[in-house]
Structure formats: C-alpha cells, structure tokens
Asks: 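Have a look at this one.
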Amino acid sequence: MAKFFYDHRLVEQKCLKYWDELSLFQNSNLDLSSSEQAKKSYLLFAFVYPSGSGLHVGHVESKTALDILARYQRMNGQLVYFPVGWDAFGLPAENYAIKTGIHPNQTTKSAIDTFRQQTKRLAISYDFSSEISTSHPQYYRWTQWLFLQLYKKGLAYQEKGRVNWCPSCQTVLANEQVVNGLCERCESEVVQKDLKQWYFKIKDYQDELISGLDDLDWPAATKQQQLNWIGRHEGINITYPVYAFERGDGGEPGAKPSAESITELTCFSSRPDTNFGATFVVLAPEHAFAQEIAKEKKQVAEYLAKAEKKTELERQQEGRKKSGVFTGYYAFNRLTRLKMPIWVADFVLANFGTGAVVGVPAHDKRDFEFVDFVNRQQPQDPLKVIRVVAGPDGNQEAITQLEQVYEGEGELLNSQFLDGLMVKEAIEKMMDYLEEKGYGQRVVNYQLRDWLISRQRYWGTPIPIVYDPEGKAHPVKEEHLPWTLPEDVGFKPSGESPLKSSREFNERVERLYGEGWKPEYDTMDTFVDSSWYFLRYCDSRNQESFASPKRLEQWLPVDLYLIGREHVVLHLLYSRFFTKFLRYQGYLKISEPFAKMRHQGMILGPDGRKMSKSKGNVINPDKIVDQYGADTLRIYEMFMGPLETDKPWDDRAVAGVARFLRKFYRLAVEEIELVAQLWSVGDRADLVQKLQQTVKKLTEDLPKLKFNTAIAALMELSNLWGKASLLRKTANEPYLLLTAQELLILLGILAPLAPFMSEELYGQTKYAWQNIADQTLGEIRCELAEARARRQALESLEFAPSIHLTTWPAYDPALAQSEQITLAVQVNGKVRGELSVDRDLINDQAELLARAKALPALEKWLAGQKIVKEIYVPGKIISLVLAS
RNA sequence: GCCGCGGUGGCGGAAUUGGUAGACGCGCGAGACUUAAAAUCUCGUGCUAGCAAUAGUGUGUGGGUUCGAUUCCCACCCGCGGCACCA
C-alpha cells in the first residue's frame with residue numbers, strides 16, 4: 001500500500017531540488033517584443049517587512065493567492081512577472097539592536113534568509129533573480145536619487161514642524177507609534193515638540209490624486225478612503241473687519257462701528273448660507289492674530305501657553321469639552337450688522353482652512369457647545385443663537401439645547417434675501433453675493449498635509465543632504481550616491497539622531513565637502529522606501545538608473561496588486577504621488593501605478609480574534625507544512641473562504657483538506673497504474689462530464705480569485721471519482737475510469753493549487769507510460785489491434801519537463817452540459833414538483849407546460865383549480881398561478 | 001458623529017441581469033473494518049411534526065413590489081473596519 005501513500009516531505013524535497021535545477025520561473029524575460037507586450041502580466045504582492053518571527057499564515061494566504069493566479073496565467077500563455085523583495089529598513093530591527101547590541105544589518109539579513117526559505121518551501125513562484133531589499137545600497141541609492149529629484153523641483157523642503165516626542169525613549173515617534181497618546185513601546189506620555197524636518201510636497205498633486213482614482217479597478221471602499229484622507233472641501237473665505245469695541249458700545253444690529261477697523265479676519269466656511277446666524281468668531285491658538293493679541297493680553301497669552309503644552313493624551317481625554325478665551329476684539333458681520341466677539345479656542349484647528357471660523361451655534365454642534373461654555377462663564381454677556389434654517393418638518397422654534405442643533409437640509413429663514421430658499425441654493429446665492437460685494441472668495445480646502453519624512457532613527461535611508469558651515473542645506477552630489485548608512489553608531493538612545501555619533505559619517509562629509517560641513521543626521525520614513533519599489537522591480541539590477549525607460553514602459557502599470565487593508569491610505573497615496581511626480585519629470589508614461597487592486601482579509605486565530613503572541617493564538621505555518629505538507633496549507637488557506645474577508649483558523653478543517661489531497665493522490669496513482677496496464681474504458685459518463693464541468697469552473701473562478709469555490713469543485717470531482725473507483729472494485733473485470741489524456745487534464749487543473757502533488761503525479765505518469773513501450777503486448781489485457789492503437793496514442797503524448805510548463809486544459813462546453821435538465825415546477829410560487837427532460841426540449845414551452853401539469857406530484861395541488869397564468873423560464877423553472 | 005463593509009444551519013461558507021436556499025468542508029449521528037482505539041471508508045444531517053410518504057417553516061427585524069425575493073425598494077436593529085472638534 002506504500003505506493004498510495006503521499007509522503008509530502010520526500011516529494012517536496014525532490015520537487016524543490018528539481019525546480020531549482022530547471023530554474024523554473026527564474027530570470028523572467030523582461031524585454032518583450034511588441035507582440036508579447038499584450039500578454040504581459042505584472043503581479044505584485046505587498047512588500048513584506050522581514051520581521052524576526054518569520055512568515056505568518058496571513059502572508060501565506062496572499063502569497064498563495066497570487067501564486068495560483070501567476071501559475072494559471074502562465075499556463076494560459078501569459079508572460080508573468082512575479083517579483084519579490086523586502087521592506088528591510090524599520091524600527092523593530094533597530095529596537096532589537098538597542099536591546100541586544102546586535103547590528104540591524106545582521107538581524108535583517110538572517111530574517112530575510114528565513115523568509116526566503118519559508119517562501120520557497122510554499123512553492124511561491126517568485127522570480128528570485130530580481131529580488132530586492134530596501135536596505136541594500138544599490139536600492140537606497142535610488143531612494144536618495146528620488147529625494148534629490150524632488151529637492152531640485154522644490155518638492156522636498158525643510159520646515160519647523162510639530163512631532164511626537166517620547167521623553168522616556170528620547171526619540172521622535174511616527175504617528176502610528178503613538179497609541180492613545182502613549183508611546184507604543186514604553187507607554188509614557190507623548191509630548192509635542194517643534195523640530196526642523198524634511199517634507200515632501202504631496203499637496204501639489206492633491207487634485208490629481210483625486211481625479212486619478214476614477215478609472216482604477218479598485219475596491220470602492222479603498223477609493224473612498226483615499227478621498228476622505230485627501231478631504232477636499234469646497235467653500236468660501238469670508239473676510240470680516242475687526243474692531244476694538246468697548247463692551248456695550250455700538251455693535252447692536254444696525255449700529256455703525258465707532259472707529260476704524262484695525263485689521264481683517266478671514267474665515268473659511270462651507271455653509272455661508274447660515275451667515276445670518278453667525279454670532280461669533282473663533283481663532284486657533286496658532287493663528288497669527290491670536291499670537292499678536294497674546295503680546296498685550298495676559299489672559300490670552302496664558303491660554304495659548306496652556307494649549308501649546310497640551311499633550312495628545314490630554315486632548316483626547318478632553319473629548320469635545322470646550323475651552324477658550326475672549327480677545328477683547330470684535331469682527332463685524334456686514335450682513336447682519338452685528339458685532340461678533342472674537343475668541344481663541346483650541347477646538348479650532350490651525351492647519352485647516354484659515355485657522356479661523358465663524359460660529360453659527362444654531363446649525364453646528366461644536367459651535368453650540370462653545371456657546372454653552374462661554375455663556376456659563378459670562379452669563380451677563382451671552383453669545384446669541386439665531387436659527388436660520390427650518391427643520392425638515394418646517395420646525396422654526398428657537399434652538400436652546402444641543403439636541404436641537406440642526407445641520408441638515410431645509411428652508412432658510414431670518415436671512416433676508418435667502419429666505420425661502422433651500423440650503424443648497426442658498427449656499428450658491430450667498431457665495432455669489434459675497435464675491436460680488438468683495439466680502440469673500442470661493443476656495444477649496446484639503447485635509448491632506450504634506451508628508452513629513454524625517455525620522456531621528458538609524459535603520460533607514462540617509463537623507464542625502466549636507467550643511468555648509470553657515471547651516472545652509474545642500475544636496476549630496478549624485479556621484480556620491482549611494483550616500484551610505486554608516487556602521488559605527490551607538491544604539492543607546494541619546495535624544496539625538498544615532499547618525500550623529502558616527503565618526504566615519506562626519507569625517508566623510510568634511511572630506512568630500514570641506515571643513516565645517518555637517519551631514520543631515522536624520523533618515524527617511526520607511527514609507528519612502530516602500531512607495532516606489534514596484535518601479536525598481538522592472539529593472540532591479542540597473543546601475544545607471546532606477547529602471548530603464550523601456551522596461552518601465554513595457555511592464556507598468558501593475559496588473560494586479562494584492563495588499564492588506566492596513567496599507568490602503570498612506571502607502572497607496574505616496575506611491576501614486578511618486579508615480580505622478582516621475583511622470584511629470586518624463587521618467588514614466590503612466591499616471592497611476594496600480595491598475596487593479598484587491599485586498600486579502602485577515603486570518604484570525606481559532607478563537608476568532610486577531611492572532612497575537614500575547615493571546616497565544618498564533619498559528620505557525622512551518623508546523624502545518626511539516627505535518628501536512630505545503631499543498632495542504634495552500635489549499636486550506638484558499639478554501640477557508642473568500643480571499644477578501646477575515647476568517648478564523650480551524651485546525652480540523654486543515655485535516656479535512658489533507659484528507660481530500662490524500663484521496664486524490666490515491667485515486668490518481670491507482671488510475672496511472674491501470675492506464676499503463678489495460679485499455680477498456682468502463683461506464684464513466686458522469687465522471688467525464690464532471691471533469692469537463694470542473695475544468696470550466698476552474699477556468700472561470702481562478703482568474704476571479706474565487707479559490708474557495710474552485711477547490712469545492714475539485715472536491716466534488718474527487719468524491720464522484722472515489723465512488724466510481726469503489727464501484728469498479730466490485731466488478732469482475734477492471735476497467736478504466738479516465739483515459740491518459742483525461743488524467744493529464746485533471747493534473748493540469750490541480751497544478752496551480754497543489755504544485756507539489758501535481759508535479760509528483762505528473763512525474764509518475766510520465767514514468768509509467770514511457771515504460772509501457774517496454775512491456776510485452778501479452779501483458780496488456782485487451783484486443784491486440786486496439787492495444788496497438790492505444791499504445792501509439794500513449795506514445796504520442798508529449799511530456800514537458802514539469803507540469804508547470806504545460807498548457808491549461810481546454811474544456812468542451814457541450815460535454816460540460818448534461819443531457820438531462822431538471823426544471824422546478826411551482827404552484828403559486830411554491831415548489832411542488834420536479835420535471836426531468838431531455839435538453840433538446842429546452843425551448844419547447846408548450847410541451848414542457850403540458851408535461852408539468854401532468855406530473856403526479858402536482859395532482860393534489862391542481863385538482864379542481866383554475867390556472868390563470870403559466871410562466872416558463874427556459875432551463876430553470878415552470879410557475880403555475882392558480883385563480884385565488 | 002461621519003464614511004465604508006457585513007448579518008444565510010451547531011461552525012467556515014455556497015447560491016444574486018429575481019427562478020428548486022444551504023454546494024464544498026468542519027462538526028455531529030449511525031454503520032463497516034478492528035480484540036480495542038486511532039486512522040480509513042459508507043450513509044445521514046436547516047428547524048418543527050410524523051415510522052414514513054409528506055406538510056409547515058426558514059437567509060438580522062418589520063413592511064413593500066412580484067407568479068416567485070438571500071437577491072430589488074423603504075424603515076429599523078446588530079456587528080466589524082477606518083476617520084474623527086476638518087467649520
């Protein structure tokens with residue numbers, strides 16, 4: 001029985017060695033002729049950070065999915081490029097170095113080795129000949145080159161900016177490392193600090209980053225998230241003159257300002273229709289006018305100081321609780337002729353719009369909350385609440401409580417020339433009016449900020465900038481690239497960038513640029529590394545440029561990008577930004593890098609929660625491969641459910657997949673033997689039809705990434721095959737269930753999913769049938785003439801060196817259809833019977849209706865009833881409607 | 001609060017230009033093999049009633065359109081993900 005036992009360890013070892021010898025799928029031909037170009041397929045899997053803990057079952061899912069597609073496409077004659085690389089810079093390796101003193105170079109290298117070996121073990125058909133790593137000088141020299149191009153065009157600039165600072169770790173933290181206002185690592189409170197930082201001017205491309213989304217085949221949710229992040233808001237900047245009224249002086253409706261205006265304030269509003277309800281103005285603490293007032297007014301200065309000191313944690317804990325201070329100044333509302341007190345409050349954001357807003361408490365919850373705060377403080381001089389939009393039911397009552405604040409659509413009131421209009425029209429009319437009067441100007445605002453790329457970290461790409469003795473920044477000369485990351489640094493956190501401690505780095509700069517020159521000590525955000533890697537893949541060994549124009553034109557855009565949802569905002573935005581920039585510089589012809597994108601779901605622990613070491617619910621893929629083999633792991637993960645949803649792990653279901661593969665193997669080996677021994681084909685019409693249907697199903701499902709249903713189809717086939725095999729065992733004379741050709745078809749469709757087992761069975765087939773020529777005809781139990789013919793047929797079969805180099809089997813649509821069709825027969829919408837007929841009759845409505853009505857099962861439903869309507873949906877259903 | 005996604009057996013999930021709901025797998029039950037267990041194999045398995053044929057019922061809830069709704073429309077409930085004082 002040993003020959004029916006699939007020894008996955010042995011087979012996998014053998015196959016991996018064999019594929020290595022064949023260099024299977026390595027050294028992809030990247031220079032395509034124009035006729036080949038139409039068949040190119042560039043498949044991209046999200047860049048992997050090679051962590052110390054090795055490959056995760058989540059990686060296995062997405063890598064396998066793309067691998068199946070890659071193999072399927074190759075078998076269909078497409079020219080597939082499926083590259084691999086490592087997002088090797090980053091914090092964990094550096095933190096590990098801080099803890100242990102082991103250099104990140106070393107830990108990263110060994111982590112990559114582990115990942116590569118694990119990936120190969122899963123038969124992921126990457127082209128390892130083009131492998132890249134972001135920490136390799138031949139990669140990051142081009143990251144630096146990209147920085148320099150941006151610098152030349154003024155898109156990389158330096159500015160003082162707010163950063164998250166962990167006082168305990170003595171370092172800057174990325175936003176993602178701040179969890180609820182606390183440092184991710186040591187849980188101390190994060191403070192804000194002003195540091196001079198490098199930025200990329202992504203805002204220059206904000207409109208294109210919106211419009212570019214239109215034609216992409218991306219999940220709608222992903223596009224929406226990009227849009228939300230960019231946050232485009234149309235509105236109007238309204239300018240108000242500012243006066244220093246005394247309390248109680250003038251400023252009542254209709255009153256004229258008693259003095260000349262001191263200055264003007266501009267407020268951004270997307271709801272100018274409500275301006276007749278505006279009763280105050282609020283400035284962000286960082287607003288220039290607020291800063292100016294602080295010089296003369298102690299209270300304001302104190303408030304600004306307090307706001308400045310507020311940590312992210314305090315801000316979050318406060319929630320929507322309002323605070324603020326009165327400036328003593330008033331803005332004049334030229335529409336209502338009302339004086340509007342100017343306050344400073346930290347609920348207004350400095351970096352959106354103008355940093356100043358006009359308060360309409362009746363129609364904005366935040367404004368109402370602020371009024372609530374102010375009127376508690378100074379009940380003798382309350383801020384007013386004026387309703388200017390009626391509720392949906394025409395409700396016009398005064399607004400005195402937060403719950404009544406109305407932000408929706410409705411009819412305008414108390415608004416002079418806007419009265420009676422609906423909000424949408426009123427907005428337009430008011431904007432026209434304000435522009436005409438010169439009180440305002442239409443503008444568009446964005447939530448998107450420029451990209452802060454400086455990191456006070458060691459393990460990253462050095463920023464290629466040097467400073468002259470006066471402290472002025474200069475770009476590193478291109479001939480000095482790669483601007484190598486020094487190795488002689490201390491890892492103990494000192495509050496300064498680790499690069500500062502490198503003697504070699506400082507000496508290098510003085511040697512190359514002159515005495516007193518200093519290097520930039522910061523490194524780049526690792527998002528910079530990972531936002532152009534798909535370009536480098538096109539020509540990853542090029543020494544003269546980041547990739548040759550020809551290669552870039554041939555392979556871009558990426559045909560399918562499979563990526564986790566966690567990268568949906570920043571990574572994609574940055575990659576698109578670089579692509580657009582390089583296009584404008586003439587390096588690229590495409591304006592969007594990823595034509596089609598899909599997201600894999602998360603694989604959850606058996607308890608249904610996210611896998612994590614602390615929860616102890618992590619599944620180690622290596623163990624599954626050891627126990628069941630790589631094919632089982634691959635197929636199980638594809639069978640769990642749709643690729644894009646989150647799915648919990650189930651150990652018992654893994655065993656189910658292993659059972660399926662073992663059974664398939666046993667049946668195939670059995671059949672291979674018999675094909676070599678005998679010729680008579682038994683009764684197997686069902687099986688042949690099922691085979692055809694299965695080929696059809698896989699041909700349709702695999703390109704759509706619907707692997708779970710494809711695998712279910714294969715299981716159905718093997719169930720049927722198993723039954724037929726069992727039946728054969730009871731027969732007197734053995735017969736064939738599948739011919740040689742049919743068996744090869746079956747192995748062919750299994751190949752992308754189970755590359756090891758299919759290869760092994762293909763090898764056995766080849767061996768058994770090639771040796772058949774040596775057998776004497778006397779051993780073959782059938783008619784001599786037929787035997788000759790069959791043997792010739794077998795000998796004429798051509799075998800490729802590997803099943804993975806064979807062609808995807810075609811199916812015969814006619815054979816895939818069954819000769820009989822089954823129609824459901826409904827009476828008053830309920831299924832009451834079934835009608836089986838020859839397919840030929842499918843369009844013979846009269847005959848089918850007659851037969852349906854004659855069904856015995858329907859007798860009791862139709863007896864004595866009158867049929868008022870008869871419906872026939874070809875091939876599907878017959879519906880009879882009775883008189884009620 | 002806003003945006004997005006989803007809700008189908010004991011579990012993972014199939015099936016949507018509206019046409020026999022529950023494919024496939026897990027689990028469970030029964031049986032075969034075995035001294036026995038494991039493994040393997042066979043049969044059964046939405047729920048309720050019935051020995052059974054069968055009938056009723058059933059895709060988060062309520063309503064609507066239709067001969068017919070998991071699928072379309074309206075209202076609501078619940079869960080998940082993202083953003084969050086963006087004026």
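Numbers restart at 1 for each chain; the letters A, B, ... are given by sequence-line order, proteins then strands.
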Asks: Which value, in whole Å, describes the distance between the P atoms of nucleotides U70(B) and U20(B)?
Replies: 11 Å
Asks: Considering only the P atoms, how many Å lie between G62(B) and A14(B), rounded to the nearest integer?
Replies: 25 Å
Asks: Is the shortest side-chain N/O distance from R565(A) to OP1 or OP2 of G82(B) below 4.0 Å?
Replies: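 No, R565(A) has no side-chain N/O under 4.0 Å of OP1/OP2 on G82(B).
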Asks: Which whole number of Å gives the distance between the C1' atom of C43(B) and that of C33(B)?
Replies: 15 Å
Asks: Would you tabulate the pairs of protein nitrogen or oxygen atoms and nucleotide nitrogen or oxygen atoms of nucleotides 73-78 of chain B closer than 3.5 angstrom?
Replies:
none

Asks: Please assess F527(A) against W451(A) for the test ring-ring contact (aromatic ring centres under 6.0 Å, His included), listing each intermediate value before the final yes or no.
Replies: CA-CA 10 Å; F527(A) 269 118; W451(A) 176 11; 7.2 Å; no
Asks: In whole Å, measure the gap between the C1' atoms of U34(B) and G44(B) for me.
Replies: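 Going atom to atom, C1' in each nucleotide, I get 23 Å.
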Asks: Check nucleotides 21-24 of chain B for protein N or O atoms closer than 3.5 Å to its own N or O atoms and list the pairs.
Replies:
residue : atom : partner : partner atom : Å
A23(B)  : O2'  : E716(A) : OE2          : 2.9

Asks: Run the salt-bridge test on D217(A) and K223(A) with the 4.0 Å N-O cut-off and return the result as yes or no.
Replies: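 Between K223(A) and D217(A) there is no salt bridge, as every charged N stays at least 4.0 Å from the carboxylate O atoms.
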Asks: Give none if U16(B) has no partner; otherwise give the nucleotide forming a Watson-Crick or G-U wobble pair with it, both distances under 3.5 Å.
Replies: none
Asks: For C41(B), give its Watson-Crick or G-U wobble partner with both distances under 3.5 Å, or none.
Replies: G31(B)
Asks: Quick check on RNA chain B: between I877(A) and G355(A), whose nearest nucleotide comes earlier from the 5' end?
Replies: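 In this pair, the answer is I877(A).
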Asks: Want to settle it: does V881(A) or R659(A) sit nearer the 5' end of RNA chain B, counting the closest nucleotide to each?
Replies: R659(A)
Asks: For C76(B), give the paired nucleotide (Watson-Crick: N1-N3 plus N6-O4 or O6-N4; G-U: N1-O2 and O6-N3; both under 3.5 Å), or none.
Replies: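 The answer is G60(B), by the H-bond criterion.
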Asks: Choosing from C67(B), A87(B), G12(B), which nucleotide comes nearest the side chain of P648(A)?
Replies: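 The listed nucleotide nearest to P648(A)'s side chain is G12(B).
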Asks: Less than 4.0 angstrom from a charged side-chain N to a carboxylate O is my criterion; do D207(A) and R232(A) meet it?
Replies: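 Salt bridge: yes.
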Asks: Go through the steps to decide whether R576(A) and Q226(A) satisfy the test side-chain hydrogen bond (donor to acceptor under 3.5 Å, both in side chains), and finish with yes or no.
Replies: CA-CA 11 Å; R576(A) 298 176 61 221; Q226(A) 293 261 304; 2.7 Å; yes
Asks: I'd like the P distance from C85(B) over to G12(B), given in whole Å.
Replies: 36 Å
Asks: Test ring-ring contact (aromatic ring centres under 6.0 Å, His included) on F352(A) and H233(A); report intermediate values, then the result.
Replies: CA-CA 10 Å; F352(A) 185 76; H233(A) 296 264; 5.3 Å; yes
Asks: Does any nucleotide pair with A53(B) by Watson-Crick or G-U wobble geometry, both distances under 3.5 Å, and what is it?
Replies: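 No nucleotide pairs with A53(B).
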Asks: What distance, rounded to whole Å, do you find between the two P atoms, one in C83(B) and one in G29(B)?
Replies: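 Taking atom P in both C83(B) and G29(B), they lie 46 Å apart.
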Asks: Which class fits the ring pair F373(A) and F370(A): parallel under 30°, tilted 30 to 60°, perpendicular over 60°?
Replies: tilted
Asks: Check whether any side-chain N or O of R832(A) sits under 4.0 Å from OP1 or OP2 of G56(B), and answer yes or no.
Replies: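 Looking at the OP1 and OP2 atoms of G56(B), one of them is under 4.0 Å from a side-chain N or O of R832(A).
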Asks: Considering only the P atoms, how many Å lie between C73(B) and G19(B), rounded to the nearest integer?
Replies: 15 Å
Asks: Taking atom P in both G31(B) and G79(B), compute the distance separating them and give it to the nearest angstrom.
Replies: 44 Å
Asks: From C67(B), A55(B), A87(B), pick the nucleotide closest to the side chain of K869(A)?
Replies: C67(B)
Asks: Classify the side chain of K365(A) and the base of C85(B) as holding, or not holding, a donor-acceptor pair under 3.5 Å.
Replies: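 Result: no qualifying N/O pair found.
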Asks: Kindly say if K706(A) contacts the phosphate of A15(B), meaning a side-chain N or O under 4.0 Å from OP1 or OP2.
Replies: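 Checking A15(B) against K706(A), a side-chain N or O does come within under 4.0 Å of OP1 or OP2.
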Asks: Side chain of V357(A): nearest nucleotide among A87(B), G19(B), C85(B)?
Replies: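 Between A87(B), G19(B), C85(B), the one nearest the side chain of V357(A) would be A87(B).
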